[in-house]
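Below is one structure, written out as structure tokens, with a few remarks after it.
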Amino acid sequence: MAKANADGADENFSANYGVEGPAGDPALLALRRRQKRNILATLLLSQGVPMILAGDEFGRTQGGNNNAYCQDNGIGWIDWTNADREFEDFVRSLLRLRAGHPAFRRTEFFRGGPVDGGFKDVEWLSPGGEMSDAGWNAPDGHCLGVRYAAMGPDAVSFLLLMNAGPSPVRFTLPAAVPGSAWRCIVATATAPADPAGAAFVLESRALALFGSGRLTGPHQPTSLRI
């Protein structure tokens, strides 16, 4: 039997934003929906094989229960009738983007050195520029950026910015591919909007993906709805 919706251990490093399980506050529900987009986008725009539990792609919920393996009832079952189809479309678009660009599906380890075009194959960023040792070790750091350089015939560089903090953050953008500019492809907090100039303000608890280079052809990214 569930005990206060907590069948598992008490050490849960997660956030319920003040309400455990179902909630009726529109602002809280909007934040939860954004966090779902953030989590799936972070997973699908990272290297390696993405591991998705059945139902995650359409917003499966266990109602806040932290260990539902012992619940042979609606808490643990997949509810197909209440699937979030808008979220499913978002995940489908991310999968299509990932499949269309080898930058997200590398078969070799990063080396941290320059590749074709002179950019590093991977470059880690803080809001002010390239990440420093102090930035990696900052205990209050909630922001991270990463740039994937263009690979072979897929002449597109990608820039992924993430802000897990409670306040907006202004990122200084790295140089785009020569002759091109950064275009916003994915945004989880607002409608995708291209940056104006060399900086971009990322909302709190948000993610944004930009592309630069040959953004045309059969694998042209499409701005994803939120």
Side-chain angles (χ1 to χ4, degrees), residues 37-38 40-48 90 93-133 135-136 141-165 167-226:
R37 295 191 294 269
N38 288 333
L40 263 294
T42 301
L43 174 66
L44 293 174
L45 299 175
S46 298
Q47 302 298 317
F90 178 79
S93 296
L94 285 170
L95 288 167
R96 188 179 299 116
L97 177 66
R98 179 184 178 89
H101 292 277
F104 303 114
R105 299 177 287 104
R106 290 181 60 92
T107 58
E108 297 178 354
F109 289 112
F110 289 112
R111 298 181 182 277
V115 293
D116 293 343
F119 296 109
K120 293 181 179 179
D121 55 1
V122 63
E123 184 177 7
W124 298 98
L125 305 165
S126 67
E130 188 168 5
M131 183 70 73
S132 64
D133 289 343
W136 280 120
H142 294 100
C143 306
L144 181 65
V146 58
R147 175 190 176 129
Y148 298 144
M151 292 182 61
D154 184 59
V156 181
S157 285
F158 289 98
L159 173 64
L160 180 62
L161 303 180
M162 296 163 281
N163 177 17
S167 301
V169 172
R170 183 180 186 274
F171 276 89
T172 298
L173 302 180
V177 172
S180 180
W182 291 115
R183 284 178 48 196
C184 189
I185 302 168
V186 179
T188 61
T190 59
D194 295 340
F200 182 82
V201 177
L202 185 60
E203 294 295 323
S204 63
R205 299 186 177 95
L207 172 150
L209 177 72
F210 304 86
S212 172
R214 193 170 60 194
L215 292 170
T216 58
H219 301 312
Q220 180 177 5
T222 302
S223 294
L224 305 185
R225 294 189 304 114
I226 60 170

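All values reported here derive from a predicted model rather than from experimental measurement.
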Quick one: are [X] and [Y] in side-chain contact, heavy atoms under 4.5 Å?
{"X": "Leu160", "Y": "Phe210", "result": "no"}
{"X": "Leu144", "Y": "Leu125", "result": "no"}
{"X": "Leu161", "Y": "Leu207", "result": "no"}

Within the side chain of [X], is there an N or O that forms a donor-acceptor pair under 3.5 Å with the backbone of [Y]?
{"X": "Asp121", "Y": "Gly112", "value": "yes"}
{"X": "Gln47", "Y": "Ala103", "value": "yes"}
{"X": "Trp182", "Y": "Val177", "value": "no"}
{"X": "Arg105", "Y": "Ala99", "value": "yes"}
{"X": "Arg106", "Y": "Glu108", "value": "yes"}
{"X": "Arg183", "Y": "Gly211", "value": "no"}
{"X": "Asn163", "Y": "Glu203", "value": "yes"}

- Message: Using 0.5 Å steps for rounding, measure from the CZ atom of Phe104 to the CG atom of Leu95.
- Response: 12.0 Å

- Message: Check for me whether Arg147 meets the cation-pi criterion with Phe119, that is, NZ or CZ under 6.0 Å from the six-membered ring centre and within 45 degrees of the ring axis.
- Response: yes

